[in-house]
Every structure is written in C-alpha cells, then in structure tokens.
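Beneath this line is the structure, given in structure tokens, with notes to follow.
Protein chains get the first letters and strands the later ones, always in sequence-line order, with residue 1 at the start of each.
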Number of protein chains: 2
Amino acid sequence: MNKNRDVAAEEQSGALMADVARLAGVAISTVSRALANPGRVNEKTRAKINAAAKQLGYTPNAMARGLRVGKSNIIMIILPGSLYYGVSQIIPQVLQSINKSLIQGGYNLMIANLDRDEISERHILDLAFGGSVRGAIILSSKLPEVDGRSLASSGLPIVSMLLDMSDAGLQSVVTNDREAVRDVTAELIRLGHRRFFYLAGPEGNYHDVERYGGVLEALEAAGLSAESVRRSGGRLDYQHGFDIGVQAADDFAGLDEKPTAVIATSDDMAISFVSCIKRAGLSIPDDLSVVSFDGSPVCEFSSPPLSTIEQPVEEMGRAAVDLLLDALGQSQNPASAPTVIRSRLILRESVAPPKS
Amino acid sequence: MNKNRDVAAEEQSGALMADVARLAGVAISTVSRALANPGRVNEKTRAKINAAAKQLGYTPNAMARGLRVGKSNIIMIILPGSLYYGVSQIIPQVLQSINKSLIQGGYNLMIANLDRDEISERHILDLAFGGSVRGAIILSSKLPEVDGRSLASSGLPIVSMLLDMSDAGLQSVVTNDREAVRDVTAELIRLGHRRFFYLAGPEGNYHDVERYGGVLEALEAAGLSAESVRRSGGRLDYQHGFDIGVQAADDFAGLDEKPTAVIATSDDMAISFVSCIKRAGLSIPDDLSVVSFDGSPVCEFSSPPLSTIEQPVEEMGRAAVDLLLDALGQSQNPASAPTVIRSRLILRESVAPPKS
DNA sequence: CGATTTTTGGCAAACGTTTGCTATAAATCG
DNA sequence: CGATTTATAGCAAACGTTTGCCAAAAATCG
C-alpha cells in the first residue's frame, strides 16, 4: 500500500525512459527499440518493458526525440490575419478538420497567424528555420519573407488550402469556386434572370477572380454580355463582409436598371445586403433573388432562408493533411495540379424566377 | 558575388550555433551567452557574434533549447469538442486573442481538442506528461484522465477561460454571466414584461446555471415568483443552438399563457427561434421581445436586429494569458477568486415593452 | 606596483531519446 | 555436433543548446 503510494507519486512526475529501463532490468536503448521498433526486441523482453512503461505512466519526451531524429512532430497552420468573420465558420472548421487528421497521423497542430506585420512573419520563419515545425498548411497567398529568410526557400513542405498556389510551387487543395458560381449563375439565367448584381471581394483576390470569372462564363454561355452584371465592392477584404453588403445596398439603390438577382461572394455580404434592402422596402425573392457563397449554417434561419454555395471544408482539410503527410515522406514534390473538391449549391427561398 | 551566393545558400539551410561560432571565431557557449545573456559577453565580442548570426540567418533550435533547459515554449489550448457553432465567433476570437498575447510573451499556441473520446484525452496527456507543452488554457469543465494519468495531477500550470473552475483549483477568467442576465431580465421587467420564456443550454452546465440563476435573481428582486419563467431546452449542448431554438418555438406554441419576453442563452438559439416564430405568424418585438447571449456580429443584421449580451472575449483571452504567464514564473499558485470581465448588453429592435 | 577583485572566454557535461556497431546467444544448416 | 547464420541486448555517440566551473585577462584597490 505504501509502496503503491510511492510508485503513484513517481508516475505523476514524468518518468523517463531510463526509469522504465531500470524497472524492466534492461538498457535504455532496448526500451527505445521495444517502443519504436518492436520487431527488434524479443517478445518476452518487450512484455517486461511494456509493463514497466505502463506502470510508470511513461510518456516519451517529444523534444528529445525530435532533436535526435532531426524532425519535429508539429505542423503549423498559417492563417490569414483575422480568424473571425461575420457568420463564417470556415476557420473553425478548417482547424477542427486539420487537427483531427494530423493527430491521427501522429502530428500536433500549432497556430501561426499571418498578420500584416513583421512580428508575425518573423514568428513563422522562426518556427520554420528553427526546426520547430515539420511542415505547414497555408491559407494565405503571401509567403513570409523577412531579413533574408523566406518561407519559400526554407525547404519546409507546405500545402496551400482554399487558394490555388500551384504556380508558386505549392501543392494546393481548393474548391471549384469558378465552376460553382458559373453553375449557380446559369441556374439564375435558367429561371429567367437577365441582370445581375455581383458583390465582390477584394479586387485581384484569388477567390474573387475565380468567382467573378464563373459569372462571366455563365453569361457568355447564355449569349449574354458582360454588361449584364454590375459589380459592387472590390476594396474591402472578406473579413469586412458585412460592410461590403451594406455599401452594396447603397450602390444598388443608385442603379437605374435594377438587377433581378444578386450574387454575393460571401454569406456575410448577402446577410447585411438583404437586411438593408428589406429596410429599403424591397422583398426577397419577389423583387430580387439572392445567392451567396460559403454555406454558413445560419443561412437556413435567415429571412428568407438564404441560398448559398457550401464549401467542403472538412474534406478539404483532410485532403490537405493527406497531401502534406505524403510530402513529408518524400524528398521533393513538384506541385501537381491542385486537388479540387466540389462545393455544393443549397437552394433555398431566397431564389425565385424574376417578376417580369 | 559568387561568394555571396555560397553564403546565401548556407543561410537557407538552417545554420547552427556552431556555424555562428566558427564564423565569429568564438566558442559555441559564447554565442549562446551573447544571444541569451548579453551582459555576460564583452561588447566587442557580442558585435562580432551578432553580425555572424545575422549573416547566417541563424535561428535557434527550440527543441534543443527546450530539452536542455527542461522547459518547452509551447502552450496548449484545450478546446471543447466542436470548434464551430452556428454564428458564434467565440472560438476564433479566443484563438486569435490568446495567440497574439502568447507570441508577445515568447510562446507558441498549440491546439488540443477535447472530444468525448480516449484518443483526444490521451493526446492532451501526452503533451502534458511528455514535456511538449509548458502550460494550458482550458475551455472545458472536464480535465482529461486516462490510464492512471490525469491532467490535474500533472503539475502543468492551467488557466480556465469562460468557466469558473476555481473549485477545481484552476485559476479562471470568466465573464459575469449571472449578473449580465440578471440585469437584462431586470430591464425587461422595467419595460413591463411579467412572463418570460428561457431557452436553456445543457442542464447543470456552468453557463446555464449562472444565466438561469440571473433570471431567478431578477424575478426575486422584482417580487415576481419563479413561475413567471418557463424553461425550454436543457438536453442539448450549446453547439446545437439552432436545434434548441427550433424546439423552443414548438414548446412556445404549446404554452397556454404566452410569455412576452424570451431570454435565449445563445445567439444561435435566438436566431432559429425567431425564424420559426415568425413563420408561425408572430411578430418580433410586437408579440414577443427577444434577447440573447454571446454578441455575435450578425445579430445587427437580423430581422429585426437582435438584442444580445456581448462577451468580452478578447479581453478575457489577454487576461487568461497574463494569469498563465504569471503562473509559469512561480512554483505554486493556489487558485484565487476568478478574474471577472464584464459582458456588455447591446439593446436593439428585438426588445420593446409588451403590448398589454 | 603588487595584491585583490571582477570580467570574460572556453571546456565539458548536461538534457532524453535514437541508432550504428559489436559481441554474444540462439537458431539453423550440413 | 561443429560451422554458419540470424537474432538480440547493450555500449557509446549523436542531436543543438545551455550552464557550472575554472583559468586567464582585465580592472580596481591600497
């Protein structure tokens, strides 16, 4: 009883491999091999060691292992500045999906946030160059570069998620932004809509280029001119989606020929736009159909329920981790074509044929 | 030029302290001291070393340092299962606030998600017992415990955020759930409301206990009986807020004496409840005032704009990190009274005096 | 200017685990 | 049963950094 008390106290204070070795009556290296390379140790010896390790609650010291092996067991995720937007659950979904997959692969997830300042860039470069992380998943088009150190040249395996960065040499997992928006625009055209209002993200931003490109493709395929669509926005980033939507409602009010359908490139824009438009006396979808992008859960409870393109975040997260773990196992991986996982259009009451 | 090319190539491949020492013409230990204990090294020598380190783009290996010093520079955040809810931005806000503060203190943030399974509990315990992390911020009432290892007995400094876990010996940073709900209930009473409908989180959950307690306190202070409030919910967790709200709308329909004010304990519940109630023909706030908890940004764009109690997440995150860093500098810190940071009521159009 | 005190650089060992290599034991072959 | 092959345990060194200690140089004191 007293003896158990002593052992229990020892358990709680971080037993070393040396302690396991002593208890099992073998060398430290044999313990290491029994745990990491069981085929190299006799079954009887292994049983002794496993019992001792369990009794002591032995937990390997990852820093020691990482130092000796020369490889960390940490992956960093490089996030794009603000982690929170209006209603979007994309970042939490990304984190949850990636974390879960990494743990299954034996890795840990560390947060590296890429603000627009040197401190955050340096933080990321320290992690990369100091050997603290083994790879990265990046959700930003910018690769940190400060004081002659650049992430691109660090040799760290990197996978881009949400943005196609194949041109920059990164393997990428994306959704079919262009195609999804093209298809929903085609659906609006099929319903009879001929004039569109596009709520834009930042000009030149990957997502905006793809999504607006989808609109233009659908117009062309239907024999409509690019003049059929009016743009609002283009200056603010997606994290200011509510503001973009409010400004868009203003812009809409000033249009002579009113569009009958709105294509918002994020749920936030659509939600605030709809709120303002309804206050101005218009009715959705009677006067104006609205569709948006992201697939935030709250769209179902909007007034009226909002049609939206839902991004396959969980699946993309899993695919990004798979790509990264593959890259960790190989020396050099030229970026192949991006892995594309399709978004899904959820049609709800915000979309209807135009009145006239 | 060619010489610069060689040095540049060497820069990109992770220079060691030994390389800096060689270039500066000093011992490795002198480099270590110059960088970490500058007062111990002559200024002239220090300048040579700093120049060499800069030229080589030297980045310290944190695993080596952690192993030698016996202390990691990583803090884990223990999150409560699902990272995403309906409209809540609490988790991303928590992560952003804590990450920023930790980096300023020289620490890195690692994600540890506490699902309801052994895998995630074991993951957390491995991090704690293996020396991989130096401390933890926890957003869950449950402390991991598997195979004779428990987080509570690991000796790891832990700070609880959002939940008061002082009784379990953890320093805690919380908001004034009870008081905030009491005050908003008092405001509804002041407006003339006498019958209330409370949309509850999981029975016995810390937040629900506090928030419902606040309602009861306000009723008592106004001389109203506890019968003045009807509860809906109590079985589902907050991450199922939309479902709770939908069910509550059903429950509401079955009430003989209709309450005139709804106190929802999360924005999600309020949003879905309002959506369903409006479909049933009722009008907000004409027939029913609604107030909720969390302060999600989208409440401003709801129909009508939703009154909500906004949690001070950023400030709580900073306070949690401060408490934790303090705890890291001291050996034993009995939990004092929790740090309480006040929430803020944002009154919008969803609240008005009752009709009769 | 010699004695004493302070500053400074470097050696060597530490941290906890892994792995190449060798010696010995065990298994297999002829 | 001796010769050969295979399996296994253990020694020792490695990983990159830090820090105690000591010797020598520099600074200060009387």
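With sequence neighbours left out, the side-chain hydrogen bond (donor to acceptor under 3.5 Å, both in side chains) criterion links Asp164(A) to Ser166(A).
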Show your working on salt bridge (charged side-chain N to carboxylate O under 4.0 Å, His left out) between Lys100(B) and Asp115(A) and close with a plain yes or no. CA-CA 10 Å; Lys100(B) 189 166 183 178; Asp115(A) 287 320; 5.5 Å; no

Do His123(B) and Asn113(B) pass the side-chain hydrogen bond (donor to acceptor under 3.5 Å, both in side chains) test, and can you show the C-alpha distance, the side-chain angles, and the key distance before you say yes or no? CA-CA 9 Å; His123(B) 173 241; Asn113(B) 203 9; over 6 Å; no

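Between Arg318(B) and Glu314(B) a salt bridge is recorded (basic side-chain N to carboxylate O distance below 4.0 Å).
No more than 12 heavy-atom neighbours from other residues, nucleotides or ligands sit within 6.0 angstrom of CG on Asp167(B).
Residue Asp19(B) contributes atom CG, which lies 14 Å from atom C1' of dC15(D) at whole-angstrom precision. As rounded to whole Å, 11 Å separates atom P of dA26(D) from atom NZ of Lys44(B). The distance between atom CG of Asn42(B) and atom P of dT6(C), rounded to the nearest whole Å, is 18 Å. Atom CG of Asn37(A) is separated from atom P of dG10(D) by 15 Å (rounded to the nearest Å).
Formation of a donor-acceptor pair under 3.5 Å by the Gln96(B) side chain with backbone atoms of Leu83(A) is found in this model.
Residue contacts for Gly39(A): at a heavy-atom cut-off of 4.0 Å it reaches the sugar-phosphate backbone alone, with no base atom in range.
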Does the protein touch nucleotides 16-23 of chain C at the base, only the backbone, or not at all? Give it as B, S and - per nucleotide, heavy atoms under 4.0 Å. BBBBBB--

